[in-house]
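Keep in mind that the numbers below use all heavy atoms, side chains included, and drop hydrogens, waters and symmetry copies. Order of the sequence lines fixes the chain letters, A, B, ..., with proteins taken first and strands second; residue numbering starts at 1 for each chain.
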2 protein chains.
Amino acid sequence: MPVTTNGWVEELGAERAALGRASTARRVADVLRTRITEGRLAPGTRLSEEEIGAALGVSRNTLREAFRLLAHERLLVHEFNRGVFVRKLEADDVHDLYAFRRILECGALRHAHATDESARGTAVDAVRRAVEAGESAAAAGNWVDVGTANMAFHQAIALFAQSPRVDEAMRHVLAELRLVFHVMAAPQTFHEPYLNDNRRLLTHVAAGEFEAAAQSLAAYLDAAESQLVTVFA
Amino acid sequence: MPVTTNGWVEELGAERAALGRASTARRVADVLRTRITEGRLAPGTRLSEEEIGAALGVSRNTLREAFRLLAHERLLVHEFNRGVFVRKLEADDVHDLYAFRRILECGALRHAHATDESARGTAVDAVRRAVEAGESAAAAGNWVDVGTANMAFHQAIALFAQSPRVDEAMRHVLAELRLVFHVMAAPQTFHEPYLNDNRRLLTHVAAGEFEAAAQSLAAYLDAAESQLVTVFA
DNA sequence: AATGAGGGATTGTTGAACAATTCGTCAATA
DNA sequence: TATTGACGAATTGTTCAACAATCCCTCATT
């Protein structure tokens with residue numbers, strides 16, 4: 001065995017993704033994604049291939065590839081021979097998104113008793129960090145950060161499932177929900193009333209009371225959903 | 001109101017998908033998908049753009065688009081500057097797939113008490129049909145049909161969630177799992193021992209005992225997972 | 001008001017071309 | 001012998017230009 005492998009080489013595997021070059025299509029998708037999730041691209045807007053391709057300096061083919069990526073994340077809808085549009089959510093979509101969230105998040109919490117101790121600890125830590133970040137942002141009146149902290153909170157809840165697929169599904173769901181937040185009347189303060197619920201859930205999961213946490217979260221999501229569907233009334 | 005709308009026009013909406021033309025990329029993806037899920041394309045195989053494009057008579061660009069579709073379904077993996085390969089599942093993948101299934105299927109069952117009666121009825125019917133199809137296929141010794149009936153069974157379980165997203169996630173998970181079935185020693189009879197479990201679950205959901213069904217299904221999935229990971233030992 | 005025929009604009013798809021990268025081969029070196 | 005480095009073939013990444021197919025708006029007709 002050569003002397004070069006002293007054990008630290010294996011750790012490099014974790015950094016593989018860092019140096020992974022991104023395709024142009026992926027980078028294009030990134031800039032469009034942030035524009036969409038930040039609400040700077042109104043739902044229903046049609047995205048012209050020629051126009052955007054020229055603006056970003058990429059060919060139509062590459063741009064179409066980026067469109068496919070975002071369509072798969074349901075941030076764009078692709079209508080054959082008509083073009084791609086920024087996703088516009090209906091009341092049914094919100095209902096389904098919350099149904100999915102209930103299954104994912106409550107399922108993660110109910111699985112928590114079976115996750116190994118170290119992973120459970122990191123999940124609890126992530127939840128705690130999100131709660132504290134939300135509270136301090138609210139104290140500073142920074143409502144945008146309150147929103148992102150709330151997103152981080154629910155993403156942290158999903159960690160209890162200890163499943164990459166649950167993680168990804170959760171990420172996609174939250175990105176989709178952003179499309180609704182921006183069409184609300186007062187998106188700035190939407191998340192603020194849930195800070196108390198988040199804190200309460202934190203005490204539950206920190207104490208290992210996962211079933212109670214799951215039931216509390218289910219009611220929580222019901223309330224949020226019914227508050228959200230009023231946008232479409 | 002014009003006399004042309006006698007009510008039957010609304011029913012046409014259901015057939016919209018039938019006449020929906022499919023892009024060539026989607027059709028190419030379809031033919032590749034069946035080849036993969038039927039096990040006629042060994043995991044790890046590299047799919048050459050030029051070769052396959054010539055064989056199917058489509059340009060490289062459209063073929064690449066089809067590759068992206070299948071990569072999103074995790075049936076192919078796309079390595080930058082290296083090409084696309086038929087997905088090869090590891091033991092971790094199987095573990096995660098079953099973790100995801102536990103959350104989806106048990107979550108669907110636990111939601112069943114809240115689904116409206118008509119949807120619950122159709123779900124129970126779908127479960128029953130799958131169970132009976134599996135049993136008659138086993139009686140005829142047709143193991144391939146036993147496998148598809150088992151897939152249909154779990155897809156029917158997902159119906160209790162009454163959520164399109166759960167449906168789609170379930171469909172993707174089952175398609176992925178087919179990649180494992182084909183590398184097993186005896187894939188023909190893998191599903192046969194679960195016929196009794198399916199029948200028992202049917203009696204549970206038919207009687208409205210959803211919590212019992214969920215717990216039974218969890219144990220069921222645990223057993224299947226541990227049986228499946230032995231393939232990688 | 002409903003129908004039908006242009007016509008412009010946009011998407012769907014192709015083919016070719018070039019740049020960038022991977023991978024195998026082989027010689028040079030210690 | 002094992003390692004290094006350079007070379008070259010093959011493949012992918014990306015662009016460009018072109019054409020077919022389709023949508024959608026306009027306008028004339030009835």
Checklist entry - Within the side chain of B:Asp93, is there an N or O that forms a donor-acceptor pair under 3.5 Å with the backbone of B:Glu90? => result yes

Item to check | Residue list, side chain to side chain donor-acceptor pair (under 3.5 Å) with A:Arg74, at least two apart or on another chain | outcome: B:Glu168

Checklist entry - If the sugar-phosphate is the primed atoms plus P, OP1 and OP2 and the base is the rest, what is the B/S/- string for nucleotides 9-15 of chain C, using protein heavy atoms under 4.0 Å? => result -SBBBBB

Item to check | A:Tyr194-A:His154 side chain donor-acceptor pair, cut-off 3.5 Å | outcome: no

Checklist entry - Would you say B:Gln227 has more than 12 foreign heavy atoms packed within less than 6.0 Å of its CD? => result yes

Item to check | Aromatic B:Phe181 / basic B:Arg178 pairing, under 6.0 angstrom, 45° off normal | outcome: no

